[in-house]
Number of protein chains: 2
Amino acid sequence: MRIYLIFLKFESIIKTMSNSSRKILSEHSVSITNPRILVLEALLEFGNPITIDELQLKLKDSVAKSTLYRVLNDLKRINILNEFTSPDNSTVVELILEDHPHHHHLFCSDCGEVIDVELSDEFELMLTKEIEKIQKNFNFEIKDHRVEMIGLCTEECANCK
Amino acid sequence: MRIYLIFLKFESIIKTMSNSSRKILSEHSVSITNPRILVLEALLEFGNPITIDELQLKLKDSVAKSTLYRVLNDLKRINILNEFTSPDNSTVVELILEDHPHHHHLFCSDCGEVIDVELSDEFELMLTKEIEKIQKNFNFEIKDHRVEMIGLCTEECANCK
DNA sequence: CTAATAAATGAGACTTATTCTCATTTATTG
DNA sequence: CAATAAATGAGAATAAGTCTCATTTATTAG
């Protein structure tokens, strides 16, 4: 009985993710197809930024490699996917959801994990001021910034030796 | 006469770069070879961070592709070369010279130029404090950080359309 | 200064991530 | 439900970076 309830809960999470995937696609007037739903579901389920390698593993049996890349490009085009390169040179993607505030990234150079971190408002304010100075000094128009922190996720990580 | 003097000056700059290249190599007990000198000279001459593509162009007729990559790996190994990925996904390298202080990068998303920028001491201090907080919250040991600024080098750039 | 040896190089084959092609399948719309 | 445009899968093509191996170069002992 308990197991069954857990299963129901699990099923409903899956259904919810499938629904949000469909919603995301239709909101951006992108046609709703199976590979797109599967990719979005995988990204929603994982929650954190994920390397394309890992994503490919998760979807190996359901989405062709070429389609995966195409879908990722579709999501970038409609501005709901952020792509960047980790310090160990793997390509990492993450969904940009409406409720996802401005944030930065923390990389474990051992296991490759990528974690979203928000920095304090005071810090962001100060960075904005620095950026204004730089803009003037270098005659540059700065549109975006990133703070990357690289280190080791010291404790009890199953993937770090 | 004037031209000749200019030539002499130019020649002496080249000689200086060759000398510093040799010095750099011997200081790190790396054997002094022609490709290594040529790569170091190119990096010293360019001065700014440079994409591997551009570097390859500059050295096309003097250093084999495989050797270029090998030399870059050698320089990374002795910790005098910093490698990172620009927002448009090209690999960028830059020499880390002794007199080169801690700095960050400004990227032009139009022409691809990469510029070194130093941020204020107050800013770096505040970032250090933020990082301490993050370390505690996430049980992470942060070893390094990067601030990347992305924008457009608005004025009179020959390479931007 | 030279010979012996270890290390580095060049050329091109190989690998891997990403994009492209094209025949087939699927979604959308009327 | 049929027509049409768009998306997909499979695998070929491309490009960045690494590897192999025969040849060349740097280093060092004598």
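Computed over heavy atoms, backbone and side chain alike; hydrogens, waters and symmetry mates excluded. So that the names make sense, note that chain A is the first sequence line, chain B the second, and so on, each numbered from 1. Since the model is a prediction, treat every value here as computed from it, not as a measurement.
- For A:T67 (side chain) and A:V63 (main-chain N/O), no donor-acceptor pair under 3.5 Å exists by modelled atom type.
- Both A:Y69 and A:V39 belong to a common hydrophobic cluster when Ile, Leu, Val, Met, Phe, Trp and Tyr are linked at side-chain heavy-atom distances under 4.5 angstrom.
- Qualifying side chain to side chain donor-acceptor pair (under 3.5 Å) partners for B:E141, counting only residues two or more places apart in sequence or in other chains: B:K143.
- Among residues two or more places apart in sequence or in another chain, the side chain to side chain contact (heavy atoms under 4.5 Å, CB included) test is passed with A:E54 by A:F46, A:I50, A:T51.
- One atom, CG of A:L68, and another, C1' of C:dT18, lie 11 Å apart when rounded to the nearest Å.
- The CG-P distance, from B:L25 to C:dA8, rounds to 11 Å in whole Å.
- Residue A:L38 contributes atom CG, which lies 16 Å from atom P of D:dA7 at whole-angstrom precision.
- Under a 4.5 Å side-chain heavy-atom criterion applied to ILVMFWY residues, the cluster that includes B:L125 comprises that residue alone.
- Applying the 3.5 Å distance criterion, the base of D:dG17 shares a donor-acceptor pair with the side chain of B:K65.
- A straight line from CZ of A:R36 to C1' of D:dT8 spans 10 Å, rounded to a whole angstrom.
- Applying the side chain to side chain contact (heavy atoms under 4.5 Å, CB included) criterion to B:T85, with sequence neighbours excluded, gives A:T85, A:N89, B:N89.
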What string of B, S and - do you get for nucleotides 20-30 of chain C 5' to 3' if you count protein non-hydrogen atoms under 4.0 Å? BB-----SS--
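- For the pair A:D74 CG and D:dA6 P, the computed distance is 13 Å after rounding to whole Å.
- Of the residues in residues 77-91 of chain A, A:T91 come within less than 4.0 Å of DNA chain C through at least one heavy atom, sorted by number.
- Comparing the start and finish of the helix from C:dC1-D:dG30 to C:dG30-D:dC1, five pairs each, the helix axis swings through 40°, to the nearest 10 degrees.
- Annotation: side chain to side chain contact (heavy atoms under 4.5 Å, CB included) contacts of B:R36 (sequence neighbours excluded): B:L25, B:V30, B:S31, B:T33, B:V71, B:D74.
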Apply the test side chain to side chain donor-acceptor pair (under 3.5 Å) to residues B:H145 and B:E130: give CA-CA distance (whole Å), side-chain angles for both, the deciding distance (0.1 Å), then the verdict. CA-CA 11 Å; B:H145 68 262; B:E130 288 290 310; over 6 Å; no
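- Annotation: ring pair (Phe, Tyr, Trp, His ring centres under 6.0 Å) contacts of A:H103 (sequence neighbours excluded): A:H100, A:H105.
- With sequence neighbours left out, the side chain to side chain donor-acceptor pair (under 3.5 Å) criterion links B:K23 to no other residue.
- B:I37 has its CD1 atom 11 Å from the C1' atom of D:dA26, to the nearest Å.
- A heavy atom closer than 4.0 Å to some atom of DNA chain D occurs in A:S62, A:A64, these being the qualifying members of residues 46-64 of chain A.
- A sub-4.0 Å separation between OP1 or OP2 of D:dG17 and a side-chain N or O of B:Y69 is present.
- There is no side-chain donor-acceptor pair under 3.5 Å between B:H104 and B:E148.
- Listed by chain and residue number, A:L57 satisfy the side chain to side chain contact (heavy atoms under 4.5 Å, CB included) test with A:K60 (two or more places apart in sequence, or in another chain).
- Atom CG of A:D121 has 12 or fewer heavy atoms from other residues, nucleotides or ligands within 6.0 Å.
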